[in-house]
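What's counted below: heavy atoms across the whole structure, side chains too, no hydrogens, waters or symmetry copies. Every chain is numbered from 1 and lettered A, B, ... according to where its sequence line falls, protein lines coming before strand lines.
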Amino acid sequence: MIIAKTYSPKEAEEKWYSYWLQHNFFRSVPDEREPYTIVIPPPNVTGVLHMGHMLNNTIQDVLIRRARMKGKNACWVPGTDHASIATEAKVVAMLKERGINKKDITREEFLKYAWEWKEKYGGIILEQLKKLGASCDWERTKFTMDEDMSEAVIDYFVRLHKQGLIYRGVRMVNWDPQGNTAVSDEEVIRKEVNQKLYYIKYFFSPQDGNASSLSDLPTSGLSDFLTVATTRPETIMADAAICVNPNDERYLHLHGKSVFIPLINREIPVILDDYVTMDFGTGCLKVTPAHDLNDYALGQKHNLPIIDILNDDGTLNEKAQILVGEDRFAARKKIAVLLEEAGALAKTEDYTSQIGFSERTNAVIEPKLSMQWFCKMQEMAKPALEYVLNGEVKLIPEKFINTYRHWMENVRDWNISRQLWWGQQIPAYYLPNGEYVVAKTKEEALAIANETYHSPLTINDLRQEDDVLDTWFSSGLWPISVFDGVRNPDNAEINYYYPTNDLVTAPEILFFWVARMIMSGHELRGQKPFSNVYLTGIVRDKLGRKMSKQLGNSPDPIELMGKYGADGVRVGMLLCSPAGNDLMFDESYCEQGRNFANKIWNAFKLIQGWAVDENLTNTNQIAIEWFDSRFNQALAQIEDDFKQYRLSEALMATYKLVWDDYCAWYLEMVKPVYKPNAEKQSIDAETYAATINFFQNILKVLHPFMPFLTEELWHDELFGERAELDCCIVAQLPAIGEINTQLVSEIEIIQQIVAQVRNTRNTKQLSPKEALPLAVRANSAIDYIKYQPIIKHLGNINELTLVTEAIGGAVNFIAGTDEFYIALNIEIDVAAEKERLEKERDYLIGFLKAVNAKLSNERFMANAKPEIIQNELKKKADAEARLKIVEDALRGLAG
RNA sequence: GGGAGUUUAGCUCAGCUGGUUCAGAGCAUCUGCCUUACAAGCAGAGGGUCACUGGUUCGAACCCAGUAACUCCCA
């Protein structure tokens, strides 16, 4: 095959992805091999691929491909979650476009439309993952609302309810008036907002001229009102009391009094509680139990009435008496005017505070009392925390253990009901007597009801709870339910694949999702769901801003892959992604990835231009042995990096192995001298075979990072005939072989010599084509005759001689502890040379002084480990040898 | 307000149990090269007060205390 000058990824990507699919390489079924399992963090079914997904799924694919190449039965389960709020919003919007109002259709009709929407758009993100090369077992694709998945959710709900871990109750929830549903604490995003603080006067007697109902109005000298500071004047109609701190001396006169709410003149008591901060606002707090979490608690404590003045959509209801029907924010503006007119507004101040917004609709969250379903967290959190603390579940990096612990120790009950239709409808059935029964089906519920209450009810007497379950309630079962382990806890698949191995996700959902999977894993199987949780960072732009649609600073992954190739983008993502740290993404990383692909491509092209000449003997034995050792060294390094989940380092080690060791050194060492009129360059059989073998091994190591390019090259005829199933994707990684460390370190010296020769050419402006003579005065045991061919070839040296005396007037340098001379026909700048040598000498003297200081320090000799002392002795010997050379050279210059 | 984390070259990051000629890598930069695999390249070079102050130690980028800046989580 004659190949192009640059690698063009597009055809290779399409060709090999479908080849892999066609030959079922992604498919996993239980067998006798060790399993390696990853479940994908199911992306939101409404989602499209963004850079966060790219990062996350690149990492998973690297891990799964590597496991496959290590002989494991690798299974990567893909899928999506149903994202109740987001999807319902999309469907409502779709209906609106068709002129349909959600309110006018039944639940069943709505769900039909929702499924229609899901079938049409729900698979987009999974298709995009294929472009990236994701080697998921697509036959296992799951959706959290698939029939079996939903059944698992219902089973789990019934089970938890039976154990008393789920209850129904009135609680203050985060109400999203736009989405018309409660959302969990985790779905509320707090933001700093500029607001106004309104100072409102509450008078001791009614303001409209009616007689005071108080017999003991404050005596003269005291004002006839108190002032309360609030950011929410529209809720005064819901006030149940005014609270002051009992220790606040300013308000001693208020104890036992009551005041009137402005505009509506409802009388409320002044209560005492040290909950009130004396130095905030005026020190008087209006207590509105229906509309503030803390006030609710205070209200409970003091037995205050709850007056809810808001409708679900955020408008004021008739209990407000005034401004009925107005939106809460419109009402705020209007009431300020009314208060002003009534003389009840003392002043307003600018004020910033944290306000909660709905993650899905961005509406301001309204604390609202309502009947909801809750999952008790404390009992479930305890064992889930243990898994992480005792290391059964490892968090990578470890710093997240603290965060996790903090959450799990301060956990609050989880509101699992959502006032939506898209999701699993809660299996609770209300009876005419006001009680309810939880059961898997309506029929079962009926049976239970009739048994419990001895009442001959019929199926139509039961009414199912309207609410659906939080999406996280179903994704919390993901690692179990994808293997049908909830409904059939002893099936072959769950027994084989569970617990899974690695989970790759974002720290933002450590609690939302990861913790809940650990809880459900413990609850259902008494086992962890996974062994390692690799937490990725947030993808930011190079200015450090989070990538977002609004800012428009996120590149389109599909376009990026078009520009740099999927392999290039994969490499680009990994190059800048240390575990757990945010990554400052920049396209230039993908460029580096693309360049790397091209480098490999061209190395391949070079070898393609060679042909074996059986008459030639192998003159490259040293180079071959050396690269073999370097390869094994790198392999060990990469293995270690993977063990520690240092993927970017593993990639960099691979990058350097290929670019530096293989291309820049090895290939240059063995490359035949160019013969202009030959179609192919002649090379001996042994070198050719070794070089190709190395290349094939390199393709294997590269494959998890760059699957397409490696598969493309793997099938070239250069490697001989390949059987249909002989693919790089299922090739087995080479085992780590022997490493000749002496050879490696001697070649390091040779590399230094070559670099010095090249540097000499550069500084003396000599052409690389001009061959130079090199003389060595060896102090070390290195056999330079052995390395002569390499030095000559790489340094373009015409003659290498061994000498025993320094050569005056020659350019000289030191490598290791040996001296080298290049005799040139040009004048040496004696002054500059002297300066250079003196600098070197001074450095060595200083260095020796430090080493000697250590060695003559009794406490060092007494405390340091023996190998450290050995090292210092070696440092001393080496430095002394070098110093001697430098001093000799200086004497030579003087003489 | 409470908690966690980060700070090392222009940028992104390594630096493991305090000790290797320890201050590193990649990218970027500069200089010279269109040298028959690759200019998406080759050869070479420069670049640092390890945030700051103090302490522990024979020895500190690393351990301890304090300070500053930034980031995240929770209220």
Side-chain angles (χ1 to χ4, degrees), chain A residues 3 5-7 185 190 277 293-294 354 397 399-407 410 507-508 510-511 537-538 540 542 544 546 564 568 572 575-578 580-586 588-589 591-610 640-641 644 646 648-649 651-653 655-656 659-660 663-664 667-668 671 673-676 678 681 754-763 765-769 794 796 816 843-844 847-848 850-851 853-865 867-872 874-876 878-879 882:
Chain A
I3 67 176
K5 195 169 173 180
T6 52
Y7 168 56
D185 293 338
R190 283 168 198 285
T277 317
L293 185 60
N294 295 314
Q354 298 265 316
K399 66 177 179 185
F400 287 107
I401 294 174
N402 277 333
T403 319
Y404 184 81
R405 192 215 319 258
H406 187 255
W407 270 333
N410 297 282
E508 298 139 73
L510 192 54
F511 181 68
I538 295 168
R540 299 175 179 277
K542 61 177 172 182
K546 195 170 170 170
Y564 300 104
L575 279 174
C576 59
S577 60
N581 282 345
D582 289 357
L583 51 117
M584 308 298 156
F585 180 80
D586 188 74
S588 66
Y589 289 108
E591 199 182 328
Q592 194 180 345
R594 180 201 61 182
N595 293 355
F596 184 41
N598 196 46
K599 183 73 189 176
I600 298 161
W601 185 257
N602 276 289
F604 191 80
K605 242 182 82 178
L606 172 69
I607 299 169
Q608 269 194 323
W610 297 348
D640 188 57
D641 286 336
Q644 298 179 63
R646 298 153 82 126
S648 58
E649 307 225 355
L651 173 57
M652 188 45 71
Y655 181 91
K656 286 196 274 195
W659 200 307
D660 298 343
C663 294
L667 288 179
E668 291 299 331
K671 185 168 156 184
V673 180
Y674 185 71
K675 285 206 198 94
Q681 303 301 313
V754 171
Q756 289 278 20
V757 172
R758 287 168 175 168
N759 191 17
T760 304
R761 285 185 204 280
N762 253 349
T763 51
Q765 304 198 321
L766 300 170
S767 160
K769 285 175 181 160
L794 296 182
N796 194 15
Y843 168 79
L844 285 167
F847 180 77
L848 265 175
V851 174
K854 267 190 200 178
L855 288 169
S856 57
N857 183 323
E858 279 172 37
R859 303 183 68 172
F860 172 76
M861 298 304 281
N863 293 326
K865 287 180 231 154
E867 62 266 30
I868 303 286
I869 294 173
Q870 280 306 314
N871 231 319
E872 291 299 314
K874 182 172 186 307
K875 276 157 72 175
K876 180 182 158 137
D878 286 356
R882 288 179 73 110

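Distance CD1 (A/Ile868) to C1' (B/G18): 9 Å, rounded to an integer number of Å. Distance, A/Asn871 CG to B/C22 P: 10 Å, rounded to whole Å. We find that CD of A/Glu858 is positioned 14 Å from P of B/G59, with the value rounded to whole Å. We find that CG of A/Leu575 is positioned 13 Å from P of B/A14, with the value rounded to whole Å. Distance NZ (A/Lys854) to P (B/A60): 9 Å, rounded to an integer number of Å. Atom pair A/Arg405:CZ and B/C74:P shows a separation of 18 Å (rounding to whole Å applied). In this structure, the NZ atom of A/Lys675 is 14 Å from the C1' atom of B/U36, given to the nearest Å.
Counting any heavy atom pair closer than 4.0 Å across all strands shown, A/Asp878 reaches a base atom. Nucleic acid contact for A/Arg882: base, since at least one base atom lies under 4.0 Å from a heavy atom of the residue.
Between B/C16 and B/G24, the two C1' atoms lie 14 Å apart (nearest whole Å). Across B/C27 and B/C52, the matching P atoms stand 28 Å from one another, rounded to whole Å. B/A9 and B/G5 have their C1' atoms separated by 23 Å, with the value rounded to a whole Å. Comparing the same atom, C1', in B/C62 and in B/U6 gives a spacing of 16 Å after rounding to whole Å.
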Nucleotide N/O to protein N/O under 3.5 Å, stretch nucleotides 1-11 of chain B:
none

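Between A/Arg882 and A/Asp878, none of the side-chain N atoms (NZ, or NE/NH1/NH2) sits under 4.0 Å from a carboxylate O, so this pair counts as no salt bridge.
Inspection of the A/Glu591 and A/Asn595 side chains reveals no N or O donor paired with an N or O acceptor under 3.5 Å.
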Subject >> Nucleic acid footprint by protein, nucleotides 37-45 of chain B - heavy-atom cut-off 4.0 Å, B for base, S for sugar-phosphate alone >> reply: BBSBSSBS-
Original post:
If you write RNA chain B from 5' to 3' in dot-bracket form, with Watson-Crick or G-U pairs under 3.5 Å, [ ] for crossing pairs and | for pairs with another strand, what do you get?
Top reply: (((((((..((((.....[....)))).(((((.......))))).....(((((..]....)))))))))))).
